[in-house]
Amino acid sequence: MSEELQKDYHDELNTLMVRRREELEHLRAAGVDPYPHGFERNASAKEILDTFKDEQPQWIVAAAGRIMSIRRMGKASFCHIQDMTGKIQSYLKKDDLGDAYDHFKLLDIGDIIGIEGYVFRTKMGEVSIHAQKVVLLSKSLRPLPVVKEKTDEQGNKVTFDPFSDKELRYRQRYVDLVVNPSVRETFIKRSMILRQMRSFLDEKNFLEVETPALQPIYGGASARPFSTHHNALDIPLYLRIADELYLKRLIVGGFDGVYEIAKDFRNEGMDRTHNPEFTMMELYVAYKDYIWMMELVEQMVHSIAQTLNHSAVVNLGENEINFTPPWQRLTMFGAIEKYTGKQLRGKNETELRSAAKELQIDLDPKIGSGKIIDEIFSVTVQPHLIQPTFIMDYPVELSPLAKKHRTEEGLVERFEGFVNGQEICNAFSELNDPLDQRARFEEQVRLRERGDDEAQTMDDDFLRALEYGMPPTAGLGIGIDRLVMLLTQQDHIRDVIFFPQMRPEK
RNA sequence: GAUCGCGUAGCUCAGCGGUAGAGCAUCUGCCUUUUAAGCAGAGGGUCGAUGGUUCGAGACCAUCCGCGGUCACCA
């Protein structure tokens with residue numbers, strides 16, 4: 001490295017990084033382009049390992065990837081390179097490579113190289129590439145965490161010094177992905193889940209659409225929004241907390257089935273199951289109701305599980321979860337009765353409060369009867385809902401956008417799906433009576449005035465749309481991140497989001 | 001937001017008042033089928049930051065920053 005460069009970097013770079021910059025200069029001096037423009041590959045690590053047969057004629061492959069380990073033995077070396085499909089070993093010999101072998105000696109773990117050679121099996125039995133050409137494709141200037149693996153006598157993989165610092169893993173997800181193969185697998189599964197969901201919905205001829213993420217009036221859920229400002233219009237705007245009201249406008253507009261997979265944003269706390277931005281799938285289908293929607297959810301989730309694992313069963317800790325339809329169906333009041341012995345249907349607020357007290361549930365004195373029932377439900381019932389279960393028919397106060405129950409006074413046609421004690425979807429027969437909807441909004445406005453800052457706001461344009469007439473419609477929302485957590489056995493939302501929200505560094 | 005815990009070499013960690021340590025990685029030498037390669041040697045740190053206590057602080061105290069767990073709010 002030139003003295004100037006060294007001086008420039010000396011204060012801020014550790015010796016490992018200075019060292020790599022020096023190697024870069026040596027390679028350039030030797031006429032090696034450390035950042036060439038491409039490399040023609042014809043095999044992946046996995047293909048080579050899966051298809052190699054010892055008795056086959058010589059098979060020349062060209063593979064590329066990141067160097068993950070090097071074992072140098074004087075005039076010959078072994079290294080492992082890793083591509084998207086896995087790792088493959090390569091054997092490099094001075095006799096075969098000449099000058100290129102000397103250049104190889106300047107390479108490090110983390111560099112990206114291309115290797116051409118024939119596939120063989122080493123004395124120790126590992127399928128490897130006997131290199132005839134090696135070319136540097138990208139010189140790495142930062143040391144990669146070195147994670148070593150060994151296979152013990154029982155055939156189990158033992159990992160040494162895993163890259164495990166959570167802060168580093170999330171801030172530098174690119175490193176996490178390079179070094180922790182299971183992380184890469186989880187995100188590949190996330191993609192497969194989304195792909196299967198789309199193909200399931202597309203096959204039913206539902207139309208994938210896009211609606212505004214920047215909204216002058218936010219609605220469709222009970223949550224606090226992020227707010228921002230549009231300079232040219234000089235108006236406040238909100239990041240959407242849900243797509244619901246826009247998608248229903250599209251049903252008014254004459255589409256029979258629309259869905260959107262999009263980010264929603266909610267300005268609330270973060271924990272195991274909450275990230276401020278998260279992915280939601282919402283689906284609306286004209287001329288259908290919530291009973292129809294339950295069957296669709298069962299089928300869809302089952303088809304996703306099946307595609308992902310070739311099985312309807314997912315192992316989650318001690319539980320074996322079976323997604324095979326039909327799922328258990330319970331009404332909300334029926335479920336509470338099943339797990340507490342108490343029948344709360346038709347009880348007034350005072351009676352509900354005393355029931356809660358008997359169950360040793362502390363309640364906020366401000367909340368009304370709907371929320372009291374919800375609270376009792378989530379404490380006494382929800383943890384028991386391990387196998388996929390639909391809970392149906394919620395109190396009207398909890399659901400200002402859902403249609404009144406066709407027979408049960410005071411309830412709405414709504415269901416939530418629960419798996420492993422967690423909610424995975426929310427759906428209802430959509431409220432399409434414009435006068436009823438206006439009254440529900442007015443009730444929400446009253447709640448807001450009483451200090452409930454999560455109550456929904458009046459949306460006059462949405463009401464205008466309903467006044468033109470919306471067909472009977474079934475609607476559904478599925479939190480994609482939580483579904484992915486379930487199907488990939490991750491217990492933190494951060495582990496299914498590539499770049500979870502973090503405080504900025506420094 | 002409240003509360004508890006953590007922050008030491010590139011990575012994973014030990015040290016808990018008395019000269020900053022280990023393994024891997026890195027560098028030098030030897031080594032042409034190794035695989036946590038091996039053998040011999042070497043370098044590498046404002047111990048998260050700032051104040052304080054002390055003859056002396058990585059360690060004790062205070063404040064701040066970052067991360068994590070739990071609770072609250074929520075999907």
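Keep in mind the model is a prediction, meaning the values are calculated, not measured.
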Taking [M] as the reference, what is the distance to [N] when you measure between their [atom1] atoms (whole Å, please)?
N       : M       : atom1 : value
rG7(B)  : rG43(B) : C1'   : 26 Å
rA9(B)  : rA22(B) : C1'   : 11 Å
rC67(B) : rA37(B) : C1'   : 37 Å
rG21(B) : rG45(B) : P     : 13 Å
rA25(B) : rU12(B) : C1'   : 11 Å
rG1(B)  : rA14(B) : P     : 30 Å
rU33(B) : rG15(B) : P     : 42 Å
rG17(B) : rC13(B) : P     : 23 Å

Closest listed nucleotide, where the reference is the side chain of [X] and the choices are [options]:
X         : options                   : answer
Arg224(A) : rC73(B), rC67(B), rG69(B) : rC73(B)
Asp161(A) : rU34(B), rC73(B), rC11(B) : rC11(B)
Ile109(A) : rU34(B), rC27(B), rA25(B) : rA25(B)
Asp95(A)  : rU32(B), rU12(B), rA25(B) : rU32(B)
Lys148(A) : rU32(B), rA37(B), rG69(B) : rA37(B)
Arg19(A)  : rA37(B), rU12(B), rC27(B) : rC27(B)
Glu126(A) : rU34(B), rU33(B), rC31(B) : rU34(B)
Leu16(A)  : rA37(B), rG66(B), rG10(B) : rG10(B)
Tyr170(A) : rU12(B), rG68(B), rU34(B) : rG68(B)
Val146(A) : rA25(B), rA37(B), rG66(B) : rA25(B)

Exercise. With ring centroids as reference points, do Tyr91(A) and Tyr118(A) lie under 6.0 angstrom apart?
Worked result: no
Exercise. Given the side-chain rings of Phe187(A) and Phe498(A), with only the six-membered ring counted for Trp, is the space between their centroids under 6.0 Å?
Worked result: yes
For this session: Please report, rounded to the nearest Å, how far the P atom of rC6(B) is from the CG atom of Leu168(A).
Result: 19 Å
Exercise. Lys93(A) NZ to rU33(B) C1': how many Å, rounded?
Worked result: 9 Å
Please name the nucleotide paired to [N] by Watson-Crick or G-U wobble geometry with both distances under 3.5 Å, or report none.
N       : result
rA2(B)  : rU70(B)
rA62(B) : rU50(B)
rG44(B) : none

Please work out if [X] contacts a base, only the sugar-phosphate, or nothing of the nucleic acid, heavy-atom cut-off 4.0 Å.
X         : result
Lys371(A) : sugar-phosphate
Arg20(A)  : nothing
Gly269(A) : base

Exercise. Will you find, in the side chains of Tyr101(A) and Ser77(A), an N or O donor that is under 3.5 Å from an N or O acceptor?
Worked result: yes
Exercise. Taking atom types as they are modelled, is there a donor-acceptor pair under 3.5 Å from the base of rC73(B) to the side chain of Asp271(A)?
Worked result: yes
Problem set entry | Separation of Phe428(A) CZ from Thr473(A) OG1 (nearest 0.5 Å) | 12.0 Å
Problem set entry | Lys NZ or Arg CZ of Arg171(A) over Phe499(A) ring: under 6.0 Å, within 45° | no
For this session: Could you go through the salt bridge (charged side-chain N to carboxylate O under 4.0 Å, His left out) check for Glu208(A) and Arg198(A) one step at a time?
Result: CA-CA 8 Å; Glu208(A) 184 172 7; Arg198(A) 281 201 167 88; 3.0 Å; yes
